[in-house]
Amino acid sequence: MYRTHTCGELRLSDAGKQVTLAGWVQRIRKMGSLNFVDLRDRYGITQLVTDDNGPREVTDILNQLGREYVLQAKGIVAERQSKNSKIPTGDIEIKLSKLTILNPAVTPPFTIEDQTDGGEDLRAKYRYLDLRRNPLKNALMLRHTMALEARKYLDGNNFMEIETPCLIKSTPEGARDFVVPSRMNPGQFYALPQSPQQFKQLLMVAGYDRYFQIVRCFRDEDLRADRQPEFTQIDCEMSFVEREDVLQMFEGLVKHLFKTVLHKDFTAPFLRMPYDEALAHYGSDKPDMRFEMLIHEITKNVQGKGFSVFDSAKYVGAIAVPGCADYSRKQIDELTEWVKRPQVGAKGLIYIKLNTDGSIKSSVDKFYSPEELKNIAEVVEAKENDLILVMCGDKHKTQVALGTTRLEMGNRLGLRDNSIYKPLWVYDFPLLEWDDETQRFYAMHHPFTAPKPEDMDKYYSDDKYGLAEVKANSYDFVLNGTEVGGGSIRIHDSKVQHRMFEILGFTKEQAEYRFGFLMNAFKFGAPPHGGLAFGFDRFCALFGGQDTIRDYIAFPKNNMGRDVMADAPSYIDDVQMKELYITSTAPKQEEK
RNA sequence: GGUGCGGUAGUUCAGUUUGGUUAGAAUACAUGCCUGUCACGCAUGGGGUCACGGGUCCGAGCCCCGUCCGCACCGCCA
């Protein structure tokens, strides 16, 4: 037996016990003939001690040790002379009777401590060492608990976890597929699933009316701090449900996770907001509800006063930034430059300051009387000492730019506190999105999303503008400005589904080739159904109060989609290529 | 595909403004001293392809061009 206890469990009540521990050397402190070793494992740190009265062999071995050596330590649990209240085992230490080096270790390239000296790049290369650190260990522990509690809740509500295949048919709608060549079927490829969407719908046809799966999904798109090429969803689907049933069920899941993982009670129903309102007031389809600073349209209030910039704009909107009337000229200039960056997309910035002495100062004083400016202030719900920021232009673009600015000002004012959680359902998304480049509609969610029943007339009309107004029976779960979940009531009527393919510009043959098996299945009695999928990595990151999902994935990819530890992807040899009937058009690289 | 920031000791960074002798600090590492440390302390020591390639110059870590790599973001992500 390598150990009798872990390095995190011994307490004062264990004093006098003969124990054996195993773990890694966290730190050695030599005080002459009195020597300490902090021994670390997953569960904590226990101090080992030896002095002149201890066995000579122990001291000899102790002199050979370095950081991260793997040890087995035998000894007696003893009360410490001077205790350490910082760690749970701080009242005791192990008086060593025997010390064994199970394995030596080279000095790690960075310190294995909560505040490490290692940079991201280096830690990624030695991920297995980074994972020894508490912050990452705690992140993975949080993830484990989240998954466990999600399973408990769903199991308690009669959901069955069913696995769906990873080698599936490529359906090049939406994100790019990762593809896998098939050796036995020359020239043909599987795709890795972007989500198990079609399979879960088939499970509904099969009568498994409550399905879930914590499942890996793959999308071959560029990465971000919150986007990985392979990521995990809590994927769920239910039969015989309407939107309200789905929202209730998964609001319950989120509340269960809040309670069991973060010990936060959410008794009131989550806020709900139609997509149009989200865009109008927050300039985003995923509003951050932790602070107000709402966007207000002031087009009618500012036009016709001779200011040509506003007069020629389709839309003029504003936000009132609290307590920022004292912004200096320099700060306003800096902000103006900031909003003009492509990432924000505004053409310019007009300000109105509501000074504390009651006066009003703006960059458009020439065109507007103080009375008119006061009117605007009222519309945007500005108070004394507020700074009103005004933008104009195309309606959607300006709303989004105001939304981006709103988030930035929220950041600057410290209004986006990661310990506060404001959940929200956004619903009534447009069903379709027109793409100018390809001159066709795309499904905003996916092509199996049902239109809202009251929009069916428009859905079947050939009017492009009418179609653009059709709302989807879909919903997103948004937490603190991050889209964490999304779903919809699905189409279960093959007539409606065929109309969708028609709108998306598929010929019957194309629809048959891509989705034939699903359409065929629906002929055999598809129940009304709908569901939702949570982005599990993002969910974990939000619960952990972090902006990046990388810490919540044991072995993530870097910005370029590379595994820098294993150095993947990599070239394969010609034999392998030939066997798979594939050739590469990429420039040939010398193998290292 | 694009924008921004960055690449200097094992590691994290300073040095680049205004090119100029031997490139510094902290930490880590090594050695020695130390019986109550727990970020131990003290002393000593070793440690550098200034990312790579080219250019300008009497002279480049520093200026210019290109490449590679990392991070954040835009596009993209049904």
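Quantities reported herein were computed from a predicted structural model and do not represent experimental measurements. All values below come from the heavy atoms of this structure, side chains included, with hydrogens, waters and symmetry mates left out. Proteins come first, then strands; the chains are lettered A, B, ... in the order of their sequence lines, and each starts at number 1.
- When heavy atoms are screened at a 4.0 angstrom cut-off, A/Lys125 is found touching no nucleic acid atom at all.
- Using atom C1' as the reference point in both B/G1 and B/U18, the two lie 39 Å apart (nearest Å).
- Spacing of C1' atoms, B/G6 relative to B/C62, comes out at 16 Å, to the nearest Å.
- Side-chain polar atoms of A/Thr438 and A/Asp435 form a donor-acceptor pair below 3.5 angstrom.
- Protein atom CG of A/Leu129 is 14 Å distant from nucleotide atom C1' of B/A28, rounded to whole Å.
- Residue A/Ile112 contributes atom CD1, which lies 18 Å from atom P of B/G10 at whole-angstrom precision.
- In terms of phosphate contacts, A/Arg27 brings a side-chain nitrogen or oxygen within less than 4.0 Å of OP1 or OP2 of B/C40.
- Per the geometry, CG belonging to A/Asn411 stands 14 Å off C1' belonging to B/A72, to the nearest Å.
- Between A/Glu113 and the options A/Arg67, A/Arg27, A/Arg132, A/Arg133, a salt bridge (Lys or Arg N to Asp or Glu O under 4.0 Å) holds for only A/Arg27.
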Under 3.5 Å, which N/O atoms of the protein pair with N/O atoms of nucleotides 1-9 of chain B?
unit_1 : atom_1 : unit_2   : atom_2 : d
B/G1   : O6     : A/Asp222 : OD2    : 3.3

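- Across the P atoms, B/C5 and B/U44 are found 42 Å apart, a figure rounded to whole Å.
- Across A/Leu129 and A/Ile112, no two heavy atoms sit closer than the pair O-CD1, 3.7 Å.
- The CZ atom of A/Arg29 sits 13 Å away from the C1' atom of B/G41 (whole-angstrom rounding).
- Relative to the side chain of A/Ala225, the nucleotides B/G70, B/C73, B/G10 differ in distance, and B/C73 lies closest.
- As judged by a 4.0 angstrom heavy-atom cut-off over every strand, A/Ser85 is placed among residues making no nucleic acid contact.
- A donor atom on one side chain and an acceptor atom on the other are found under 3.5 Å apart for A/Asp235 and A/Tyr211.
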Collect all protein-nucleotide pairs involving nucleotides 34-36 of chain B in which both atoms are nitrogen or oxygen and the distance is under 3.5 Å.
unit_1 : atom_1 : unit_2  : atom_2 : d
B/C34  : N3     : A/Lys30 : O      : 3.1
B/C34  : N3     : A/Gly32 : N      : 3.3
B/C34  : N4     : A/Lys30 : O      : 3.3
B/C34  : N4     : A/Gly32 : N      : 3.4
B/U35  : OP2    : A/Met31 : O      : 3.1
B/U35  : OP2    : A/Ser33 : N      : 3.4
B/G36  : O2'    : A/Ser82 : OG     : 3.3
B/G36  : O6     : A/Gln81 : NE2    : 3.2
B/G36  : N1     : A/Glu93 : OE2    : 2.9
B/G36  : N2     : A/Glu93 : OE1    : 2.5
B/G36  : N2     : A/Glu93 : OE2    : 3.2

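- Of all nucleotides listed (B/C29, B/C38, B/C71), B/C71 comes nearest to the side chain of A/Asn558.
- One atom, CZ of A/Phe110, and another, P of B/A39, lie 21 Å apart when rounded to the nearest Å.
- In this structure, CD1 of A/Ile28 is placed 11 Å from P of B/C40, rounded to the nearest angstrom.
- The CD-P distance, from A/Gln26 to B/U37, rounds to 19 Å in whole Å.
- One can place CG of A/Asp547 at 16 Å from P of B/C71, the figure rounded to the nearest angstrom.
- Screening residues 546-557 of chain A for salt bridge (charged side-chain N to carboxylate O under 4.0 Å, His left out), with sequence neighbours left out, gives A/Glu230-A/Lys557.
- Legend: side-chain hydrogen bond (donor to acceptor under 3.5 Å, both in side chains) pairs involving residues 82-94 of chain A, not counting sequence neighbours, sorted by first then second residue: A/Gln47-A/Glu93, A/Glu79-A/Lys83.
- Considering only the side chain of A/Val564, B/G70 comes nearest among B/C73, B/G70, B/G10.
- Going from the P atom of B/A60 to that of B/C50 covers 13 Å, rounded to whole Å.
- Ring-plane geometry between A/Phe539 and A/Phe534 is classed as tilted, the angle between the planes lying from 30 to 60 degrees on a 0 to 90 degree scale.
- Using modelled atom types, no side-chain atom of A/Asn63 and backbone atom of A/Asp60 make a donor-acceptor pair closer than 3.5 Å.
- For B/C77, its base sits under 3.5 Å from the side chain of A/Arg227 at one donor and acceptor pair at least.
- Rounded to whole Å, the P atom of B/G48 lies 15 Å from the corresponding atom of B/U8.
- Residue A/Arg550 is classed as a sugar-phosphate contact, given heavy-atom separations below 4.0 Å to backbone atoms only.
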Tabulate atom names and distances for all N/O pairs under 3.5 angstrom spanning the protein and nucleotides 49-52 of chain B.
none

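- Put simply, CZ on A/Phe501 and CD on A/Gln510 are 11.0 Å apart, with the number rounded to the nearest 0.5 Å.
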At a cut-off of 3.5 Å, list every protein nitrogen or oxygen paired with a nitrogen or oxygen from nucleotides 12-16 of chain B, distance to 0.1 Å.
unit_1 : atom_1 : unit_2   : atom_2 : d
B/U12  : OP1    : A/Gly119 : N      : 3.2
B/U12  : O4'    : A/Asp117 : O      : 3.1

